[in-house]
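What you see is a predicted model, and the numbers here were worked out from it, not measured in a lab.
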Amino acid sequence: MKNHLIKLFCLLLPALFLTGCWQEELPEDTGLLSPGEELSQEPEPELLLPDSFSLSYAPDQSLDPIDCPDGPQQTVASLICEGLFRLTPGLEPENLLCESYTYDSERYAYTFALRPGVLFSDGSPLTARDVRSALERARQSERYGARLSQVSSISAGDSAVTITLSRPNTGFPALLDIPIAKESGGLPLGTGPYLLSQDEGGTFLAANPTWWHGGQPLDRISLTEASGQDAVLYRFSSHEVQLITADLTGAAPVTLTGSVSQWDADTTILQYVGCNTAAAPLDSTALRQALEVCLNREHIVSGFFSGHGRAAQFPLSPLSSLYPEELEVPFSADAPAQAVHRAAYAPERTLTLLVNGENSFKTAVAGYLADSFTAAGVPVEARVLPWEEYAAALAAGDFDLYYGEVRLTADWDLSPLLSTGGALNYGGWSNQETDTLLAAYGAAENRAAAMEALCRHLRQQSPILPVCFKSSSVLTQAGVLEGLIPTASEPLHNLADCTVHLREN
């Protein structure tokens, strides 16, 4: 009977994407929740509070934070394990298991002193060897391997870990929000606020009595079995679980009955317009600058994404302390045509803007951008392609423009995207000054000044046209959580500071 209800429910509700990687879009009147807004399509007579706070999890899937799947498993794992650092809601690194660190700029070596007195949930002390072992596993993993590719070696001392890099990176600590789990026969042991437990009622998260921080608002978090996103959505809609993660600008935006609270978390996922700088006419700096002026970013974020993102004129989040806000230029409706006129552009053909067709939000934005460019005097048409054809065209350089998405790292290393021969440099941008400024930023003691110099140069050259940074979302049953401030990797980032409302028995 329950399987029948699940299938019926899924016919009525679009699929909800629960992964940590987002890639989709839609027209202006989306009907999506705006950040901080509550959805109540069918008003309920009274607020329904649960007897206990519950999360979904799949018992047949790993909870090891190094290799567990995105979505519910990652949410549960984030309550069990902690990293040397964590990213704040503003995407800045914050010390966690690392008490302090030093950087040797001659050897590109960091030494991280561990917080004293930290215990795993089994009572064993956190050691430098545990950290080294976890990070070595992360280096080999699909999730963290790329971000740790610059690591040459990891060594463990008495109470400190030394990581030597292959090149300078003064922002490296921002990459170490990697959860530290102790290998224990399949079940993850962490130093976090909760530990995996079992009793006659099933599997649950129990408050970790050895947690170094203390102050958990709940002694127990129930775990409700749900394998697959359809089952997770059903559990949430039926109030069996109180929290899920969602991509509200995904391929199939969520539609829910009842009263739901929505909380946004900023991400490092950049959406941008890429230019084929290796071929005419986009090899013209003046033309690229003119197209830059055509971007009404605030309208795109509010009109197409219902506010689930942040407009950005540079390829780093506006939340970052490094973002050069003083270099921003306000959008003006008259400026695009004037900029195209100054560029003396005489169109000889209609340019193409490639976009991945799996995402209706992206295709809608690409269509809007094509119309904007055309209205300014640069004829452009959006060409919608299936993912495989889209990726192949980018790899071959077979495009004029493309609407792209990339998950940047929190150290804001733009080398893969903009350096000569960079792995994500599909537009073929090759510029000695860009390479010099990228290298200078990586080694800079004054990272803000180095990033400002880089962004000033990018403004002048416009090899890519940043649009916005996407947000991920956390949905909760209305009235259950108060004061939640999630992050992309920790939906319950500030749980210790939240108020949890449950039914009084």
Side-chain angles (χ1 to χ4, degrees), residues 19-23 62 64-70 73-74 77-78 81-98 101 103 108-112 131-155 161-181 190 265-270 272 315-317 319-320 322 404-419 421-425 438-439 441-444 447 451 454 469-470 472 487-490 493:
T19 67
C21 186
W22 304 275
Q23 301 180 346
S62 171
D64 184 335
I66 301 299
D67 61 14
C68 73
D70 291 335
Q73 300 300 95
Q74 195 176 50
S78 71
C81 300
E82 302 170 305
L84 291 176
F85 297 83
R86 75 194 307 195
L87 291 183
T88 68
L91 303 174
E92 300 286 349
E94 173 184 67
N95 289 50
L96 206 56
L97 298 181
C98 171
Y101 67 90
Y103 176 56
Y108 313 148
Y110 280 90
T111 299
F112 300 97
V131 175
R132 180 186 63 187
S133 176
L135 293 179
E136 288 288 9
R137 285 202 305 123
R139 289 178 69 187
Q140 307 304 317
S141 71
E142 182 178 350
R143 173 172 286 150
Y144 297 113
R147 77 158 76 172
L148 295 180
S149 61
Q150 61 191 285
V151 173
S152 295
S153 65
I154 305 175
S155 61
V161 175
T162 298
I163 301 178
T164 303
L165 308 180
S166 59
R167 57 183 173 85
N169 184 353
T170 52
F172 182 67
L175 304 183
L176 293 180
D177 61 330
I178 298 170
I180 304 301
D266 286 275
T267 76
T268 61
I269 299 174
L270 170 68
Y272 65 101
L316 74 159
S317 172
L319 283 181
S320 170
L322 304 178
E405 179 176 289
V406 58
R407 184 188 294 273
L408 299 173
T409 49
D411 60 344
W412 305 115
D413 176 14
L414 305 178
S415 299
L417 191 62
L418 293 168
S419 66
L424 302 175
N425 184 0
L438 287 168
Y441 167 71
R447 300 180 72 231
M451 178 58 78
L454 175 59
F469 281 85
K470 287 193 64 175
S472 63
T487 67
S489 59
E490 294 182 88
H493 172 84

Taking side chain as C-beta onward, heavy atoms only, is [X] less than 4.5 Å from [Y]?
| X | Y | value |
| --- | --- | --- |
| Tyr144 | Pro179 | yes |
| Asn425 | Leu417 | no |
| Tyr272 | Val406 | yes |
| Arg143 | Cys68 | yes |
| Tyr103 | Pro168 | yes |
| Ile154 | Arg139 | yes |
| Ile163 | Leu176 | yes |
| Leu148 | Ile178 | yes |

[atom1]/[X] to [atom2]/[Y] distance, rounded to the nearest 0.5 angstrom?
| X | Y | atom1 | atom2 | answer |
| --- | --- | --- | --- | --- |
| Leu91 | Phe469 | CG | CZ | 9.0 Å |
| Asp177 | Leu96 | CG | CG | 10.0 Å |
| Leu97 | Cys81 | CG | SG | 9.5 Å |
| Cys98 | Glu82 | SG | CD | 13.0 Å |
| Trp412 | Leu322 | CH2 | CG | 9.0 Å |
| Asp67 | Gln73 | CG | CD | 10.5 Å |

Can you give me the closest heavy-atom contact between [X] and [Y], atom names plus distance?
| X | Y | answer |
| --- | --- | --- |
| Arg447 | Tyr441 | NH2-OH, 2.6 Å |
| Leu270 | Pro315 | CD2-CB, 3.9 Å |
| Ala181 | Asp64 | CB-OD1, 4.5 Å |
| Leu408 | Thr268 | O-OG1, 2.6 Å |
| Ala410 | Leu87 | CB-CD1, 3.7 Å |
| Tyr110 | Gly171 | OH-N, 4.0 Å |

So, [X] side chain and [Y] main chain: donor-acceptor pair closer than 3.5 Å or not?
| X | Y | value |
| --- | --- | --- |
| Thr267 | Lys470 | yes |
| Ser166 | Gln150 | yes |
| Thr88 | Glu92 | yes |
| Arg137 | Ile66 | no |
| Arg86 | Ser489 | no |

Flag for Asp411-Asn169: side-chain donor and acceptor within less than 3.5 Å: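 Checked: Asn169/Asp411 side chains pair up, N/O donor to acceptor below 3.5 Å.
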Aromatic contact, Phe85 with Tyr101 (centres under 6.0 Å):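 Yes, they do, as the ring centres are separated by less than 6.0 Å.
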